[in-house]
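Worksheet for the structure shown next.
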Amino acid sequence: MIVLNLHKTLQSAQGTMSLQLEMTVQKGQFVTLFGESGAGKTSTLRMLSGLMDPDKGYITVNGTTWFDKDRKINLRPRQRHIGYVFQDYALFPNMTVRQNLEFALDKNQPRTIVDDLIGTVELRELQHRKPDTLSGGQKQRVALARALVRQPEILLLDEPLSALDSAMRQKLQQYILEVHRKYELTTILISHDVGEILKLSDRVYEIQHGRILRQGSPETLFGLGQSSAKFRFTGEVTGIRKAGVVYIVTIRIGNDLVKVIADPSEAEFLQTGDKVAVASKAFNPVIRKI
Ligand SMILES: Nc1ncnc2c1ncn2[C@@H]1O[C@H](COP(=O)(O)OP(=O)(O)OP(=O)(O)O)[C@@H](O)[C@H]1O
């Protein structure tokens, strides 16, 4: 179980922002941090991993204190047994895929874990290639495998899929779920993609200006518990047009554009850029802002 009690003054473009978060993540959970840019999501992961010191508060993981300002406890990043995957892969360009993984091994650690990971994320054919010969999705599989070489209990994923196209994202989501289950990880993801959050997470925290605004299961948080589960998708509004007494709302789902008819009460609160859920109610799609 991870218990976070974090206080940190951050410098935003608008001035100072006071981050104050209390969060408990159960062992084995898949948790997502969601919220607008600059809300403090990355800073939260950096404090958990030891890359940024909180001004006040404590971090305990499975009963061990990793950080406690009052008791002057502050474990170094290497002592925290965390795997961290970033959006930009951060691979060593002069090393092959296998060498990137082997470089992460601890002294005395058996090499079998490297083979196991290469198998799990299907890198066997690519293992002797250098990163600049790989696609974005392949590089991110290498970064995911490398983050797991030291067999961490906690995996932190900072928007790892946001640079990938939709088909590649879907594949990578599958790999992420697979490693989360196979290596019995506790995983914390930062994501803005509602479909991705629904697919992967047990629990979502919505962060705004350094505070938890809402938390709950993804279905509850995005209002999907109230709609029929027979037909449901999430997407982003790209246009709203009035057509007589109704509105035509264009929604982007992955690479597809779908048009949905909405009545004025549904369309009233929508604008371009909104994330929405569309579900069917007795064959009529209903549209809800999330
Ligand atoms: N070391 C630091 N010291 C002070 N302020 C910082 C530091 N690092 C980041 N900040 C500021 O803290 C704020 C929150 O940044 P953070 O990266 O945590 O947000 P975020 O929610 O992850 O946003 P995004 O989705 O854009 O990545 C930003 O305004 C940033 O400039």
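Every number for a ligand or one of its atoms is a count from 1 in the order of the listing. Note: hydrogens, waters and symmetry copies are ignored here, and every other heavy atom, side chains too, is used.
Residue-environment remark: NZ (Lys259) stays at or below the threshold of 12 foreign heavy atoms within 6.0 Å. Shown here is Glu153, whose CD atom has no more than 12 heavy atoms of other residues, nucleotides or ligands within 6.0 Å. Residue-environment remark: NZ (Lys171) stays at or below the threshold of 12 foreign heavy atoms within 6.0 Å.
For ligand 1, the protein residues placed under 4.0 Å by at least one non-hydrogen atom are Leu10, Gln11, Ser12, Glu36, Ser37, Gly38, Ala39, Gly40, Lys41, Thr42, Ser43, Met52, Glu159, His192.
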Output side-chain donor-acceptor pairs under 3.5 Å for residues 40-48, partner residues at least two apart or in another chain, one line each.
residue: Lys41; atom: NZ; partner: Gly35; partner atom: O; Å: 3.0
residue: Lys41; atom: NZ; partner: Glu36; partner atom: O; Å: 2.9
residue: Thr42; atom: OG1; partner: Asp158; partner atom: OD2; Å: 2.9
residue: Thr44; atom: OG1; partner: Gly40; partner atom: O; Å: 2.7

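With 3.5 Å as the limit, one finds no donor-acceptor pair spanning the side chains of Asp193 and Ser191. Counted by atom type alone, Tyr175 and Glu122 present one or more donor-acceptor pairs between their side chains at under 3.5 Å.
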